[in-house]
Amino acid sequence: MKKLSSIRVLDKKVKILYDPKMEDWGQCDLDKKEITLSSRCLKDSEQHWWTLVHEVTHLIFEMTGVAFIERNDEEAYVRCTENLVIPWVLKHLHLRG
């Protein structure tokens with residue numbers, strides 16, 4: 001798997017970092033506009049992709065303010081989005097037209 005240096009999220013440049021010591025798979029930092037992925041992700045392209053999708057989803061929720069709603073369970077929203085909405089969208093791109 002090739003390392004990414006940056007991506008665009010909601011028209012903002014987001015730096016991608018890799019950490020060989022990270023115990024989690026990934027994390028995002030809204031203030032720094034950074035996503036850090038575990039270097040372990042580079043060993044498996046599927047793990048890399050879905051970890052990136054997961055962290056981008058967190059970042060989008062933070063950028064849009066959803067993550068800051070009171071009595072909020074952001075992890076539940078992210079897991080729903082990554083496991084249900086995004087796979088459906090990707091599977092049904094032919095309907096995009």
Side-chain angles (χ1 to χ4, degrees):
M1 183 74 231
K2 182 181 173 184
K3 286 184 179 182
L4 300 172
S5 59
S6 67
I7 58 172
R8 296 200 69 77
V9 178
L10 300 179
D11 207 29
K12 304 287 185 201
K13 186 176 181 179
V14 176
K15 189 174 184 178
I16 305 294
L17 305 171
Y18 293 87
D19 184 347
K21 297 178 183 176
M22 178 178 271
E23 291 185 26
D24 292 331
W25 284 104
Q27 64 185 32
C28 66
D29 186 320
L30 174 62
D31 295 329
K32 293 181 180 179
K33 301 281 188 299
E34 290 179 351
I35 290 175
T36 303
L37 302 176
S38 169
S39 294
R40 293 176 293 153
C41 290
L42 296 169
K43 296 177 183 177
D44 181 344
S45 61
E46 281 292 306
Q47 184 68 53
H48 185 269
W49 168 247
W50 288 112
T51 303
L52 181 61
V53 168
H54 181 93
E55 296 308 324
V56 165
T57 305
H58 275 294
L59 196 59
I60 289 170
F61 284 169
E62 291 175 12
M63 291 169 91
T64 60
V66 170
F68 305 104
I69 298 172
E70 284 189 44
R71 300 182 53 100
N72 156 32
D73 185 0
E74 181 188 355
E75 189 65 25
Y77 302 150
V78 169
R79 289 185 181 255
C80 177
T81 301
E82 82 177 54
N83 290 313
L84 300 173
V85 178
I86 292 172
W88 186 91
V89 170
L90 292 175
K91 185 176 180 180
H92 295 88
L93 285 175
H94 64 280
L95 299 176
R96 187 173 179 196

Inset, instruction - Please report the C-alpha distance between His58 and Glu74 in whole Å, then the side-chain angles of each, then the deciding distance to 0.1 Å, and finally whether the side-chain contact (heavy atoms from CB on, under 4.5 Å) criterion is met. - result: CA-CA 8 Å; His58 275 294; Glu74 181 188 355; 2.7 Å; yes
Legend entry - Full working for side-chain contact (heavy atoms from CB on, under 4.5 Å) between His54 and Glu75: CA-CA 10 Å; His54 181 93; Glu75 189 65 25; 3.4 Å; yes
Inset, instruction - List the steps and the verdict of side-chain contact (heavy atoms from CB on, under 4.5 Å) for Trp50 and Ile86. - result: CA-CA 10 Å; Trp50 288 112; Ile86 292 172; 3.9 Å; yes
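Distance check, rounded to the nearest 0.5 Å: CE of Met63 to CG of Leu10 gives 4.5 Å. Taking CD1 from Ile16 and CD1 from Ile7, the interatomic distance works out to 4.0 Å, rounded to the nearest 0.5 Å. Interatomic distance, CG of Leu52 versus OG of Ser45, reported as 12.5 Å (0.5 Å rounding). Note that OG1 of Thr51 is 12.5 Å distant from CD of Gln27, once rounded to the nearest 0.5 Å. In this structure, CG in Asp19 is found 11.0 Å from SG in Cys41, a value given to the nearest 0.5 Å. Rounding to the nearest 0.5 Å places NE2 of His48 at 9.5 Å from OG of Ser39.
Relative ring orientation between Tyr77 and Phe61 is described as perpendicular, the plane-to-plane angle rising above 60° on a 0-90° scale split at 30° and 60°.
Hydrophobic clustering, with ILVMFWY side chains joined whenever heavy atoms are under 4.5 angstrom apart, keeps Trp25 apart from Val78. Note on Leu37 and Ile60: same hydrophobic cluster, where clusters join Ile, Leu, Val, Met, Phe, Trp and Tyr whose side-chain heavy atoms are under 4.5 Å apart, directly or indirectly.
Closest non-hydrogen pair, Glu82 versus Pro87, comes out as O-CD, 3.0 Å. Shortest non-hydrogen contact noted between Asp29 and Lys32 is OD1-N, 3.0 Å.
Within the 3.5 Å criterion, the main-chain N or O of Leu4 finds a donor-acceptor partner in the side chain of Tyr18.
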